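Order of the sequence lines sets the chain letters (A, B, ...), proteins ahead of strands, with each chain counted from 1. These numbers come from a predicted model, not from an experiment.
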2 protein chains.
Amino acid sequence: MVRQPSINAQNRAPLSTERIIETALRIVDGQGLARLTMRRLGDALEVEAMAIYHHLPRGKEQLLDGLVAHVASVPADTGAAARESWRDVLRAWAADYRTRLLAHAGVLPLVVTRRNPAALTTTVASLREVLRRGGVAEDAAAVAAHTLLGYVIGHAALEARDTAEDGADRAIDWEARFTAGLDLVIGGVR
Amino acid sequence: MVRQPSINAQNRAPLSTERIIETALRIVDGQGLARLTMRRLGDALEVEAMAIYHHLPRGKEQLLDGLVAHVASVPADTGAAARESWRDVLRAWAADYRTRLLAHAGVLPLVVTRRNPAALTTTVASLREVLRRGGVAEDAAAVAAHTLLGYVIGHAALEARDTAEDGADRAIDWEARFTAGLDLVIGGVR
DNA sequence: ACCTGAACACCGTTCAAGT
DNA sequence: ACCTGAACACCGTTCAAGT
């Protein structure tokens, strides 16, 4: 019997933290956060639920932390601040971040909870760095970074709540409203 | 009226939706959202868990909706807009709202989820009304209302995450930062 | 009308055992 | 090293029954 090294008896690729997180995110995106259970995740991975604990010893807590890190840890392009206006860099980052949060609206409640503070720390640090390189004073940069991140997360939350509800009959143009609010926030920084 | 009609055999006040919601909120505030279970809520009410379903037929979903409505449905004082500057009215509302969200940080993830859209609808409508009465154009008022609410919720979420973590060693002055960001948002409205 | 008790189908997680 | 099977203590919820 000639065995193939990294393929096990059932002919499946071995589990990895990355594959677990990605599969979990696919369940949350497709079926909602409430339907993400260790047993269902195991099924999707074609493995018994208990096998997940071998890769994530802290269990479901660690799984949710991983989802937050995967979705919410998106720093701004600090390098671009040299080439273009810092306002444009922040506008571009905010638009991307909003899109990302809405694409994974199921994890928004997790982003808001105190899980995985490091994920947002790097993000907010990158915003401050863009502002600082743009010539904004240290104090004002700190305020603006938190204001901007707070706005984007909060607005995405309002948007996700509203659009999840029903059809687009009396449809608010959320994108236009987001952009207008964004200009209001970014325009106020000096 | 002399008789005490509403005391049952066990000498307990009868259950009511209001008492259920308030007790649930006390559990969330004291022990966290994860520890709010129907069985524990029943214990706190000195009743079997199943009795709750008589008052909240939709069960836990309805309970969580009730918590969101109880915490997040706080309209701005539209009457005050006649007497004082609308900027001051909004600043006062925002400060109160932030305090309230932080006092019940455990329900923040619920406020963010799509539950109970009506709770935020009245709040955002009152903000728009204050702005309109202050002479702000309809379109700008709609944008500013969402921007403000988004900012307050998002910033409170960041703050709750951070302060829940550890001691106040390298303490960010969140209140000062909130106020500065608030001025940035409100100052940009014209 | 209001509440209880027992039951059901699910959870997350542990632990010893298999390979 | 990696995964399984059985078990445990908990969930939310139903339903028939009590008062």
Send over the distance from [X] [atom1] to [N] [atom2], rounded to a whole Å.
| X | N | atom1 | atom2 | value |
| --- | --- | --- | --- | --- |
| A:E48 | D:dG5 | CD | C1' | 8 Å |
| A:R35 | C:dC11 | CZ | C1' | 13 Å |
| A:R19 | D:dC2 | CZ | P | 13 Å |
| B:R58 | D:dT14 | CZ | P | 12 Å |
| B:E46 | C:dT4 | CD | C1' | 16 Å |
| B:I52 | D:dG12 | CD1 | P | 9 Å |
| B:M50 | D:dT19 | CE | C1' | 18 Å |
| A:K60 | C:dT13 | NZ | P | 8 Å |

**OP:** Using both distances under 3.5 Å as the test, list the Watson-Crick or G-U wobble partner of C:dC10, or none.
**Re:** none

**OP:** Identify the nucleotide, in any strand shown, that forms a Watson-Crick or G-U wobble pair with D:dT19, with both distances under 3.5 Å; if there is none, say none.
**Re:** C:dA1

Original post:
Do B:R133 and B:E129 meet the salt-bridge criterion of a basic N to acidic O distance under 4.0 Å?
Top reply: yes

Subject >> Positive for side-chain contact (heavy atoms from CB on, under 4.5 Å) with A:L33, one of A:I27, A:L108, A:L110 >> reply: A:L110

**OP:** Just compare D:dC3, C:dT13, D:dC11 and give me whichever is closest to any side-chain atom of B:T37.
**Re:** D:dC11

Subject >> Which nucleotide in C:dT13, D:dC3, C:dC3 has an atom nearest any side-chain atom of A:L15 >> reply: D:dC3

Original post:
Of B:R58, B:R114, B:K60, which is the lone residue that meets salt bridge (charged side-chain N to carboxylate O under 4.0 Å, His left out) with B:D65?
Top reply: B:R58

**OP:** Could you pick out which residue, A:H54 or A:R39, lies toward the 5' side of DNA chain D when each is mapped onto its nearest nucleotide?
**Re:** A:H54

**OP:** Taking only the side-chain nitrogens and oxygens of B:H55, find out if one of them lies under 4.0 Å from OP1 or OP2 of C:dC3.
**Re:** yes

**OP:** Determine, using the 4.5 Å side-chain heavy-atom cutoff (strictly less than), whether A:L25 and A:L36 are members of one ILVMFWY cluster.
**Re:** yes

**OP:** Could you give me the CA-CA distance, side-chain angles and deciding distance for A:Y151 and A:F178, then say whether ring-ring contact (aromatic ring centres under 6.0 Å, His included) is met?
**Re:** CA-CA 9 Å; A:Y151 168 67; A:F178 173 78; 5.6 Å; yes

